[in-house]
Amino acid sequence: MAALPQVKYTGKIREIKFGKPGSEVVVGGETAYNFYSFEGKMPHAPVLALQVLDIEPEEWAAEAIEPFKDAVKDPVAWAKKCAEVYKADAVCLWLTGTDPNGKNLSADHAAEVAKKVADAINLPLIVWGVSNDEKNTETLKAICEACEGKNLVIGPVTEHNYKQVGAAAIAYKHVVAANTPIDINLAKQLNILLENLGVPNDRVLIDPTTGGVGYGLEYCYSIMERIRQAALTQNDDKLQYPIINNIAEEVWKTKEAKLPNGEDPKLGDAAVRGVNLEVITAISSLQAGSDVLILRHPRSLEHIRKYLGEIMAPTDLDSMKVDLSLIAEAAKPAAAAPQPAAAPKAEKPAPKVAAAPKPAEKVEAPAKAVPPKPKVVPMKEAPTAATEEGELELTEEEVQALREMVAMFRAVKNMFGGLAKLIQNPPR
Amino acid sequence: MALSGIQIFKMMPKKNCGECGVPTCLAFAMNLAAGKAELDSCPYVSDEAKAALASASAPPIRTVEIGVGEKMVKTGGETVLYRHDKTFNNPTALGCLVSTSENDTTVDSKLKAFKELRYERVGLTLKPEIIAIKDGGDAGRFAQLAKKASDAGAALILISDNADTMKAALAEVGKEKPLIYAATDANADAYADLAKEFNCPVAVKSDGVGNMAKLSAKLMDKGLKDIVLDSGNRKISELLRDNVMIRRLALESLYRPLGFPTIVFPCEMADNPVDEAIVAGTFVSKYGGMAILSDLRGEVLFPLLLQRLNIFTDPQRPMTTEQGIYPINNPGKDSPVLITSNFSLTYFIVSGEVESSRVPSWLLVLNTDGLSVLTAWAAGKFVADLIGPFVKKSGIEDKTATRTIVIPGAAAIISGDLEEELSGWRVAIGPREGAHIPAYLRQNYAK
């Protein structure tokens, strides 16, 4: 008798705790895809953080300013409002004022603001830099030191500054948000680099780079799904970290989120449109595996929190009362067929991940970095294949298909190797 | 689908007569397995083989068509659980509920919104497809509204428990191929007959997936092929489970009675537009074939249409923007000229940043086959000897007196070659990151 098709989970997401003493939250711990309560656990609701800026926001949608209009000049007052009035789970301080292309405020100033905010609220604090690795190195290091003991999340930490920022995070005990540009292999590689540096494995979050809806959401969505597949179904422990998505800026910087009422009647009421763009991006990220969301609008937070309460309600499979005898007779002999068809599918992310650590080998972790390759490997040394084929009872076609797969795998591997090189040494 | 070419070949007559259009039975079997041939083209295949093959070679989830002609919308036909495994095929059809108990003003405003809410993006028109007419006890009005909605260009869903009301409406709009909603335990025979008589798709609704599957099997036995599934659950956690398990059972177990698209009703699961959009969005990503909202408002619909566009984009084929000149912020004779690749994401980011800089600018988009700047450069598609002729032929020289072209920082290496290629032009190297464009433009070009 056939059984209901279930995913065979072999891994678990690590539980990561952050926040100063007395305010800690825990994220992660999933043993199944997000919200699949019928086949595994999601012990902690995703954490919903509200964003606070170190300077008065410029060019924000009126709708996004409105809830904080009495507080936007003062990060401390703003953060308190997030905590006390809007009941956020956490606060994310975005240091946009440090941007060298903008106000270029100093690292010391940033550290001072971060310290004040961390002291003022009894909530976990996430501190977010700008899109400039060099400047972030300086500010995030200063913040790590100034906020010792606050157990912050600091990000984005990239392959260009992980050593300096990672070392500061180790020394002053903070959690790092490891940022990579929408690429599962690079995400894995950075996690390996951080582990090798000595960042404890209960102090890492994956920031896969977030795309707003209509602005690359699909890339982010699929990379997150693949990260979770590798972590949960292939037990890839280098990807078993919770995921953080900085939704706020990605959504609210788009022209559709900023457009005031009246300019394009088809886009409807601005008061709801921005929030809707934000919640739709948020629920897509949640479906794909997110554990921490950074949001801008308190109403988005409210709607997402309500949603989490409903979608995390426990479910089971028995109550569906599916009669498996209805699986068509004609389909049954073919039931063997999905096996070969399904197997490569399940393993598909693996060869790519295996290809990934190529660059990582340089960082002295080849043994750890290369996960055991799937059974395609013996096929590569082909001279004795004939005998093996006999034992495996493979047909001519299947052997040919496997050969083609191996060739594909090599091609993909070479391509990724090339790309990784290109990314590491971009043309100037 | 389920059978390999070899498995199919074993059931073939092996005459190699060639009457099917390919020389051998093996080749024909391979085509069948790949979905490139129809079994009917073989005149000699045995009846047993036909029965076995027809069932095994049918797609695991049927594509159901609702509506006809330009109004037609396809749903179902999915072959994977994760979009990165291949692609999702038929975007979740979105629509709005209209009830006979609503007054004419409300109905008209919904139909007007249905017609007006269309958005052009990456060369596609994003729009809702469906109007669901709900019977509030007035058979005459039910048929009348169905006609009206169909005239407005919508594919229809007819929602009524009353077979007579349904029949009267089908007499009016049956040739428009509406979805009959819904066959239940109480009326399955009558609704199956209606679906057959008018040749329309029919939804099954029950309490839970198990009973729904039985109902669906019953309709299949009656010879109906186009079925849509509603497990009846309106709790989002359970409905998510139902949609996941229906998709898995259909694809992995070839559970035929579940091999159809599903329909969800966010309009019955939330009490405000944002929560409704959240429910709909959940099933855009998780396997909903159709989602019915209570109203159509731009601020709710637009984000959902974007999400749907994203989730149903083929991951193997990058979205592209048309090559050409894009004026941003009303540029004039002295406005700066920038160039980027035609990967749609690159275009959206760059154009968005240029727009937010408020500096009037000309943005040139070069056809790079959907590759981003750095990848296109590496592939030889964003290089001087392609950019040069493109700029010259684009007509930009007539639009602006500016003779400085700003290239992306990631492609800085081509600047020398490009100056040679583009006589009369100076090449400036812009920022590497889109986020730095506004500062760059303001610093160099703001007045």
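Order of the sequence lines sets the chain letters (A, B, ...), proteins ahead of strands, with each chain counted from 1. Treat the numbers as computed from the prediction; the structure is a model and nothing was measured.
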Step through the shown structure and confirm whether more than 12 heavy atoms of other residues, nucleotides or ligands are within 6.0 Å of CZ on B:Arg234.
yes

If we ignore hydrogens and angles and just use 3.5 Å, is the side chain of A:Asn276 paired with the main-chain N or O of B:Glu299 as donor and acceptor?
yes

In sequence, state the C-alpha distance, the side-chain angles, and the governing distance for A:His303 and B:Asn272, and then conclude on side chain to side chain contact (heavy atoms under 4.5 Å, CB included).
CA-CA 10 Å; A:His303 285 289; B:Asn272 67 76; 3.4 Å; yes

For B:Arg358, is it the side chain, the backbone, both or neither that has a heavy atom under 4.5 Å from a heavy atom of chain A?
side chain

For B:Gln316, I'd like to know if atom CD has over 12 heavy atoms of other residues, nucleotides or ligands within 6.0 Å.
yes

For A:Tyr36, ring-ring contact (aromatic ring centres under 6.0 Å, His included) partners two or more places apart
A:Tyr33, A:Phe38

What about A:Tyr219 and B:Phe343, are their ring centers closer than 6.0 Å?
yes

Distance-only polar pair, side chains of B:Ser356 and A:Glu59, donor-acceptor under 3.5 Å:
no

For the backbone of A:Leu4 and the side chain of B:Tyr255, can you confirm whether one donor and one acceptor N or O come within less than 3.5 Å of each other?
no

Taking B:Arg241 for its side chain and A:Met320 for its backbone only, find out whether a donor-acceptor pair lies under 3.5 Å.
no

Partners passing ring-ring contact (aromatic ring centres under 6.0 Å, His included) against A:Tyr215 (at least two apart in sequence or in another chain)
B:Phe348

For B:Arg121 and A:Gly214, indicate whether the former's side chain and the latter's backbone hold a donor-acceptor pair under 3.5 Å.
yes

Would A:Asn101 and B:Tyr440 count as a side chain to side chain contact (heavy atoms under 4.5 Å, CB included) here? Give the steps.
CA-CA 8 Å; A:Asn101 287 302; B:Tyr440 174 86; over 6 Å; no

If you count heavy-atom pairs under 4.5 Å between each of B:Leu306, B:Asn310, B:Asn211 and chain A, which one has the most?
B:Asn310

In chain order, what residues pass the ring-ring contact (aromatic ring centres under 6.0 Å, His included) check against A:Phe35, with sequence neighbours excluded?
none

What I want to find out is whether B:Arg432 reaches A:Asp133 closely enough, with some N-O distance under 4.0 Å, to be called a salt bridge.
no

Heavy-atom pairs under 4.5 Å with chain A: which of B:Asn233, B:Thr313, B:Leu240, B:Leu309 has the most?
B:Leu240

Closest-packed option against chain A by number of heavy-atom pairs under 4.5 Å, given B:Leu345, B:Leu117, B:Asp275, B:Val209
B:Asp275

Within the supplied structure, the quantity of interest is the number of heavy atoms (other residues, nucleotides, ligands) at a distance under 6.0 Å from A:Lys321 NZ; does it exceed 12?
no

Dump the intermediate steps for side chain to side chain contact (heavy atoms under 4.5 Å, CB included) on B:Met245 and A:Val322, then the final yes or no.
CA-CA 10 Å; B:Met245 292 311 290; A:Val322 174; over 6 Å; no

Non-hydrogen contacts under 4.5 angstrom with chain B: give the residues of residues 308-317 of chain A involved, or none if there are none.
A:Glu310, A:Ile311, A:Ala313, A:Thr315, A:Asp316, A:Leu317

Residue pair A:Lys266 / B:Glu116: nearest heavy atoms and the distance that separates them:
CD-O, 3.2 Å

Top contributor to chain B interface from A:Ser131, A:Ser319, A:Ala282 [non-hydrogen pairs under 4.5 Å]:
A:Ser131

